[in-house]
Amino acid sequence: AQNLVVNTYGGRWEKFWRSDLMPTFMKAAGVETTLDVGLGKNFVANLRAAGVAKPPYSILMVNENIASLVRAEGYFEPIPAAKVPNLASVYPILRNAEDNGVRGIVSTIGIGYRKDLVKTPPKSWSDLWSNPEFKGKIGLYQIGNTAAMLFLLMTAKLYGGSQDAIDRAFTEIKKLLPFTQADWSGTLSTMLTRGDVTVAVIDFPEIVALQKKGVPVEMVVPTEGVLAFEQSFNVLKNAPAKEEAYKYLDFILRPDVQEMMAKEFFTSPTNTRSKLPSDLAKDVPVSGDRMKSIFQFDWAKVNPQVAAITDRWNREMK
Amino acid sequence: MRTKRKPLATRVADAVGLAYVGAVYVFLLLPIAVIVLMSLNAGEFLTFPPQGISLRWFGALFANEAFMRAIGTSLQVAAIATVCSTVIGVAGALYVVRHATRLREGLRMLLMLPLMLPEILTAIALLFFLYASGVGTRTMFGLLVGHVLVTLPYVFTNVASSLYNQDGSLEQAARSLGASPWRAFVRVTLPLIKPGIITGALFAFVISFDLFNMSLLLKGIGMTTLPLQLFDYLRWDFDPTAAAVSTVSIVVTLVAVVWVDRTVGLRSLRFG
Amino acid sequence: MSEATHARAATGRRTTRVSLDGLRKHFDNAPAPAIAHLDLQTEEGEFISLLGPSGCGKTTTLRCVAGFEFPDEGRVRLNDEDITDLPPEKRDIGMVFQNYALFPHLTVWRNLAFGLEMRGIGKAECRRRIDDVLAMVQLTALAERYPRQLSGGQQQRVALARALVIEPRLLLLDEPLANLDAVLREDMRVFIRELQKRVGITTLYVTHDQSEAMVMSDRVAVMLGGKLLQFDVPEAIYMRPRSVEVARFIGRSNLIEGSVEGLTDEPGPYPTYRVSTALGSVPASHDQPLATGQPVHVTIRPEAIRFRNDGPYAGRVQSAYFLGSTVEHTVQCAGGQGLLVQTSPGRRLDAGAQAAFAFDPGHAWIISAAP
Amino acid sequence: MSEATHARAATGRRTTRVSLDGLRKHFDNAPAPAIAHLDLQTEEGEFISLLGPSGCGKTTTLRCVAGFEFPDEGRVRLNDEDITDLPPEKRDIGMVFQNYALFPHLTVWRNLAFGLEMRGIGKAECRRRIDDVLAMVQLTALAERYPRQLSGGQQQRVALARALVIEPRLLLLDEPLANLDAVLREDMRVFIRELQKRVGITTLYVTHDQSEAMVMSDRVAVMLGGKLLQFDVPEAIYMRPRSVEVARFIGRSNLIEGSVEGLTDEPGPYPTYRVSTALGSVPASHDQPLATGQPVHVTIRPEAIRFRNDGPYAGRVQSAYFLGSTVEHTVQCAGGQGLLVQTSPGRRLDAGAQAAFAFDPGHAWIISAAP
Amino acid sequence: MSAVMTAEAPPRSSARRKARPGRGAFWLIAPALVLIGVFLVLPYLNIIAMSLRPTAAGAPYGAGFTLANYAHALGDGYILGVLADTLVLGATTVPICLLLGYPVAYHLARSRSRWGSLLYVLVLSPLLVGVVVRSFGWLILLSGNGVINRVLIDLGLVETGLQLMNNRLGVTIALVHVFLPFMILPLVGVIQSIDPTLEQAARSLGASRLKVFWRLVLPMSWPGIQAGTVLVFVLTLSAYVTPVMLGGAQVKTMSVLVVQNLIDNFQWPAGAAQALVLSACGMVAVWVYARLTGRFMKGLQ
Ligand SMILES: Nc1ncnc2c1ncn2[C@@H]1O[C@H](COP(=O)(O)OP(=O)(O)OP(=O)(O)O)[C@@H](O)[C@H]1O
Ligand SMILES: Nc1ncnc2c1ncn2[C@@H]1O[C@H](COP(=O)(O)OP(=O)(O)OP(=O)(O)O)[C@@H](O)[C@H]1O
Ligand SMILES: NCCCCNCCCN
Ligand SMILES: [Mg+2]
Ligand SMILES: [Mg+2]
């Protein structure tokens with residue numbers, strides 16, 4: 001079999017891929033892999049510089065919002081159900097039209113806060129606006145990070161009724177100012193740890209990791225629903241190792257592999273057939289039926305506006 | 001003017017000056033001291049002051065395959081890039097100083113150009129160019145080219161200035177003693193401009209070892225350099241391993257710098 | 001090459017005739033040629049000084065011989081071998097630079113070994129030759145020093161030794177003493193000259209110091225503006241200059257304008273003429289026939305004039321400087337002519353004194369306007 | 001300050017006595033003191049040369065006077081004002097450095113203006129003074145040039161002008177001619193000396209070139225190893241050295257060992273003794289009483305010896321060098337004594353010739369072993 | 001690498017012959033020319049072309065050419081503001097580096113201390129730590145609950161923590177830190193080459209130590225000041241990691257904006273145009289500066 005280039009992020013992601021995922025996949029499928037570590041946007045920059053005809057990857061894992069953009073440019077193709085049997089048991093909300101890409105890993109995003117520094121813990125997203133305790137102590141992401149875009153679109157939905165109510169969302173988020181903007185999860189974690197912020201929009205796996213290190217933080221699944229970093233897996237139209245890519249995707253979607261990720265990595269299993277042990281329920285608060293509570297957005301509508309939104313965020317949120 | 005009889009006003013002025021200079025040195029050292037102390041932290045977090053002293057994070061580092069690989073890659077890239085930019089830069093400086101006539105200033109500007117252009121834009125330009133020409137980023141080639149481009153001006157200025165300072169009649173003396181042009185270069189010019197070359201190479205190495213934007217875009221698929229690895233690592237994990245890596249790389253570079261000091265003396269460091 | 005070298009080593013000396021034929025060199029961007037036209041032939045083993053004011057083309061001439069500059073016209077020959085187009089390293093010429101150009105990264109010993117190594121000469125032979133030369137320049141004890149650890153005079157001797165150890169066919173020296181102080185310079189002059197005599201190597205020596213050229217040379221070539229003005233033994237250059245420029249440049253001299261009155265029959269190695277000048281009618285020698293009425297200059301060296309109470313000429317001493325071994329007077333004569341007179345301290349006159357003086361016709365030399 | 005300046009400007013000259021009293025300076029880490037003990041008093045307007053071999057403490061002395069070095073002991077006084085502890089900028093002393101130390105970023109004009117501006121002197125006065133000084137050093141045309149656009153001699157004159165334009169109380173020159181070539185050096189000597197005479201400023205001049213010191217100075221201070229050996233007018237230093245070291249250092253001299261035989265009654269400005277030497281019994285002068293049998297040296301200058309067929313002493317000419325205006329002979333005498341003899345070219349003897357010679361007792365000077 | 005210096009002897013013609021060392025040595029510069037020509041100039045031509053393309057959805061760029069990207073980059077108040085901020089950042093970092101660096105350079109150049117080498121290591125130290133970790137060190141020092149604020153609070157100098165980062169101040173501090181070596185090293189070289197007798201000459205002409213510095217040493221340091229300031233300015237303009245890590249969302253520099261456009265938002269044509277505008281401004285600034293300061297260096301070769 002051909003060597004398959006597999007991409008992932010750094011830090012704990014890379015560690016998990018190297019020590020667990022890749023050896024297991026090798027054992028299961030007999031495919032040699034090369035791990036490419038980076039950021040979603042660098043992968044895409046590479047892809048676009050290379051062009052549709054000669055992609056450097058066969059399969060690409062990126063956040064769904066980014067994937068949808070590249071998909072529109074014709075880089076990906078639908079995944080044949082026959083080649084990837086596990087596709088069928090993925091939660092329907094995580095599957096795309098024509099199975100052009102599938103969201104295989106989900107890290108849900110809610111609210112995290114410092115138990116010791118917050119008197120009234122938040123229960124819902126709206127508490128961010130209403131609890132005066134939080135004024136100036138809120139941590140959000142910079143607009144370059146997917147989470148910030150998710151938060152914006154959700155605000156539009158909550159306050160304006162639909163994801164299209166971007167203006168309203170801006171108006172509302174500006175009411176949260178001043179808030180601290182982190183460029184990535186690690187920074188936000190540090191700020192929480194150090195008490196520079198006491199409450200943050202942050203993904204749960206990050207909070208769990210902090211708890212394991214003994215930081216007094218707690219997570220809240222907001223009543224309105226949760227956001228999520230959805231890792232979208234896409235097979236390239238002109239993939240140099242297409243068969244191996246299918247095998248890899250099928251492996252990722254396997255119920256047991258999803259359980260393994262949840263255990264080591266605190267992501268929410270995306271396969272309906274996965275069973276989460278009860279002792280994990282506290283660390284992975286959103287799974288099974290609650291997967292429905294993940295906000296979903298139409299990225300095709302957002303993508304053309306990304307530049308304008310970024311621009312506006314740059315100007316207004318400071 | 002340095003004796004027993006220095007007037008009081010002079011001594012006071014000297015003391016004030018010395019205090020100012022000392023403060024700048026403290027400023028230079030501050031973040032580095034913080035990082036070294038953090039790497040010795042016994043606790044779980046990258047915090048300051050450290051919660052006890054231990055070497056556990058160095059253990060974690062040496063056990064971390066990804067970091068060790070990244071360090072290896074960075075050393076390899078920096079070494080190759082340094083060799084390339086040194087060879088190209090020395091030859092270029094020789095031409096510009098000793099042979100160029102009318103084009104001298106133009107050529108000098110050209111060789112300094114990579115320093116004048118924003119690194120990130122150069123990186124993107126190169127990325128497109130590499131794919132357009134079919135080279136791509138499957139290999140280290142593009143990354144190396146980028147590093148050589150960025151480090152070339154550092155070698156060039158250092159070597160050029162030591163060539164300017166070197167007396168041209170030495171080469172002629174060698175010729176009149178029967179040395180061919182090549183042997184005159186190897187036996188006389190080269191040893192004499194060695195400090196310039198080593199200084200330039202030192203800069204090239206240190207700069208390449210820490211190059212971020214260029215590496216971010218041009219790194220070969222499946223590889224990573226230390227600054228990238230650190231950046232990616234800190235994105236997700238904020239434990240003192242990152243500080244430990246930095247401490248190790250400070251120590252490694254320090255050894256290199258001390259070696260340079262022993263061979264050519266840091267006092268020969270010049271720039272521009 | 002190594003065979004030839006051995007032959008040379010055996011004899012220990014190599015004498016060569018240098019011949020510059022119609023040399024011309026005009027640098028780009030230069031208003032005038034650095035060498036306008038130069039013909040110069042030496043004998044074997046001669047010590048020749050190129051003497052002239054700054055910018056007259058001395059260095060350029062030497063560099064053409066060494067091969068660092070290629071003449072526009074003309075040929076450079078060593079013993080009839082045309083070397084004009086050879087690169088410097090094939091010419092087998094030893095050169096001593098004004099700033100010595102010692103290799104600062106090599107010890108004295110390795111500086112000397114450099115040229116021998118370039119010739120592929122074996123270890124033992126190298127050692128022997130370097131030992132010899134070091135002894136010759138009295139630097140044996142300093143072989144392991146680096147150039148910067150040597151005094152100016154010592155560096156100078158290393159530079160000389162380095163040029164000599166390759167036993168070159170010809171030795172070129174470009175103002176090798178210009179960087180030394182007066183005391184050291186005097187010592188080195190004697191040293192170089194005696195060494196050259198002992199080794200017997202043909203030498204071209206560039207200087208703009210006339211006394212240096214006088215003391216050291218078998219013959220002196222006086223240059224001006226890229227041309228050769230006079231090429232002769234030092235005494236002839238000093239006593240019998242062919243042109244006003246040479247007289248002015250070589251030593252202090254009194255130049256008196258005048259016109260030829262006629263030949264006399266005074267005895268002497270050269271015919272004596274009478275010349276009508278501001279001082280009156282003056283006897284002076286010349287070796288060429290001169291026409292009556294021809295405008296000429298008479299040159300008289302300051303030390304050739306003697307104060308004598310019965311002297312035929314008179315003037316007033318304006319100043320007298322004590323120079324150690326001599327006293328130098330300026331004398332204002334009748335007719336407005338100023339004269340320089342040098343005497344021993346015992347015969348000095350003080351400023352303000354009236355002076356009568358005389359000189360031998362043999363010490364007054366005529367320079368004819370059209371040479 | 002500005003009032004004083006005007007007073008000065010009016011007179012145009014400021015003369016000063018310098019007095020160094022018991023100066024001592026020992027650098028840290030130096031094995032011996034740079035100045036061991038120095039007493040030296042000048043008259044107003046005198047031109048004094050400090051003469052001595054390298055390392056004898058000349059520069060250190062000057063730097064103590066200028067205020068760049070503070071002496072360990074002793075005082076520096078100008079006209080009885082003790083300036084030992086003043087910083088250099090308050091001393092009002094003009095200094096000319098060996099390498100000129102012209103400010104490369106300023107034009108000639110602004111180099112000269114520097115010291116005046118430091119004194120807060122007004123524009124018009126500045127202009128007047130600079131114009132004057134520029135005319136004096138003949139550089140008016142070059143006022144807008146930068147130092148690097150000037151020749152060595154021109155730079156030298158700018159340095160001089162810059163020191164003079166502030167109308168200092170004292171002028172210090174530290175080997176200001178050492179970087180010039182021989183021809184230019186001679187010109188500059190005369191130039192400096194005449195300028196100094198015209199301005200009348202007291203001057204300390206450092207050199208290690210004895211002929212320079214001789215030509216230029218009113219008095220010469222000969223130093224060795226941080227001590228003053230002799231301080232006198234040039235002629236006395238030359239003709240009547242007080243020690244063997246002075247005789248050796250000043251000019252070429254013949255030093256003959258001997259012992260006093262007794263006083264003669266020959267006439268002359270100084271008593272004449274007979275001294276028993278390798279040449280035989282020799283008449284020589286001295287100004288102090290000497291005991292019979294006392295070991296002494298006799299010094300005779302080469303130019304004081306004359307070849308004369310009836311001369312009382314004999315030897316063999318070993319070499320004869322033509323030096324232009326003179327010829328220098330080495331003569332080997334009976335008893336193994338070697339002598340240097342300098343004659344005019346007309347009286348030369350060739351190498352190998354037998355020579356008889358003589359000298360005046362007035363030109364042979366006795367140096368007593370214990371001074 | 002053979003036959004480095006000069007070519008062979010010139011032809012044996014008796015016409016005007018010249019030594020032409022330049023020709024044979026041309027290949028010495030060839031590798032550098034190839035490297036820069038092929039891997040810098042050509043790619044930039046491509047970028048320039050790209051900056052003239054229209055933006056398009058569903059493709060990297062649209063067909064045809066337009067000046068719209070430049071019109072936007074140069075016409076939009078916000079972008080111009082960021083550009084101005086960036087230039088101002090350069091223009092503040094440079095003098096601070098100079099102010100901090102000059103005394104250190106002077107001390108280093110004039111000290112004959114045995115610790116000289118150690119001091120050089122100290123000066124170089126910011127370069128020995130990677131940019132990411134170095135910035136992180138500053139983060140630890142400057143953040144709201146950072147070391148500096150805690151010390152200040154413990155000493156009772158302030159009540160609540162000062163805002164030392166996520167603003168221009170933090171970015172400037174970190175940039176000054178890392179670029180100081182680039183200011184100090186050229187200065188050391190120049191100051192070392194100032195002849196100490198010049199200072200003595202000035203003093204003997206009546207200048208106090210302060211005046212000597214002001215009228216002599218400083219003007220003569222201009223070549224070093226120029227080299228250092230240009231270097232620091234140019235490096236500041238293209239700094240990326242430091243503004244991102246210490247500026248938070250509050251400090252946007254052109255580099256950050258360009259990366260956002262080119263990398264995050266895939267707005268290649270617009271990003272390229274902005275980047276080129278930045279480069280052009282930088283180069284023009286350097287050129288004007290070199291022109292202006294050139295006057296101060298007239299006498300200094
Ligand atoms: N490379 C060159 N390019 C142009 N002109 C030159 C070059 N080298 C020398 N010249 C000019 O040629 C003339 C002769 O120069 P050369 O160096 O031979 O003089 P020189 O007699 O050695 O003088 P000096 O005593 O000052 O050393 C001078 O006018 C000089 O300016
Ligand atoms: N800064 C110093 N530290 C230690 N020793 C010094 C220093 N300056 C001078 N000396 C020593 O003091 C002695 C006198 O030095 P000085 O410079 O006065 O000599 P000089 O007569 O001017 O010699 P030269 O003719 O070589 O210039 C020398 O032995 C010198 O080595
Ligand atoms: N811990 C959650 C990781 C989600 C990955 N998102 C990457 C976004 C990069 N911009
Ligand atoms: Mg010359
Ligand atoms: Mg001295």
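Order of the sequence lines sets the chain letters (A, B, ...), proteins ahead of strands, with each chain counted from 1.
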If every non-hydrogen atom of D/Met118 is compared with every non-hydrogen atom of E/Gly206, which pair is closest and at what distance? CB-O, 3.7 Å
In sequence, state the C-alpha distance, the side-chain angles, and the governing distance for D/Gln98 and E/Thr197, and then conclude on side-chain contact (heavy atoms from CB on, under 4.5 Å). CA-CA 9 Å; D/Gln98 176 169 341; E/Thr197 61; over 6 Å; no
Contact between D/Pro87 and E/Arg203 at the side-chain level, heavy atoms closer than 4.5 Å - yes or no? yes
Determine, for E/Arg215 against D/Glu117, whether the closest basic-nitrogen to carboxylate-oxygen distance falls under 4.0 angstrom. yes
Residues, nucleotides or ligands: over 12 heavy atoms within 6.0 Å of D/Arg127 CZ: no
Given a strict heavy-atom distance threshold of 4.5 Å, which part of D/Leu172 is in contact with chain E: side chain, backbone, both, or neither? neither
Do other residues, nucleotides or ligands put more than 12 heavy atoms under 6.0 Å from D/Arg193 CZ? yes
Rounded to the nearest 0.5 Å, the CD1 atom of D/Ile166 sits from the OG atom of E/Ser204 at a distance of 6.5 Å
Among D/Leu102, D/Leu116, D/Val165, D/Thr107, single out the residue with the greatest number of heavy-atom pairs under 4.5 Å to chain E. D/Leu102
Is there a side-chain contact between E/Leu205 and D/Glu89, using heavy atoms and a 4.5 Å cut-off? no
Exceeds 12 heavy-atom contacts within 6.0 angstrom, atom CG of E/Leu292: yes
Full working for side-chain contact (heavy atoms from CB on, under 4.5 Å) between E/Gln200 and D/Arg63: CA-CA 10 Å; E/Gln200 293 170 359; D/Arg63 289 170 61 83; 2.9 Å; yes
Name the region of D/Arg145, side chain, backbone, both or neither, that has any atom closer than 4.5 Å to a heavy atom of chain E. neither
Among residues at least two apart in sequence or on other chains, which ones pass ring pair (Phe, Tyr, Trp, His ring centres under 6.0 Å) with E/Tyr44? none
Name all pairs fulfilling the side chain to side chain donor-acceptor pair (under 3.5 Å) condition that reach into residues 224-241 of chain E, sequence neighbours left out, sorted by first residue then second. E/Gln226-E/Thr293, E/Thr229-E/Tyr289
D/Phe103 and E/Pro219, any side-chain heavy atoms less than 4.5 Å apart: no
Name the region of D/Phe97, side chain, backbone, both or neither, that has any atom closer than 4.5 Å to a heavy atom of chain E. side chain
Can you find a heavy atom in the side chain of E/Leu198 that is under 4.5 Å from one in the side chain of D/Pro104? yes
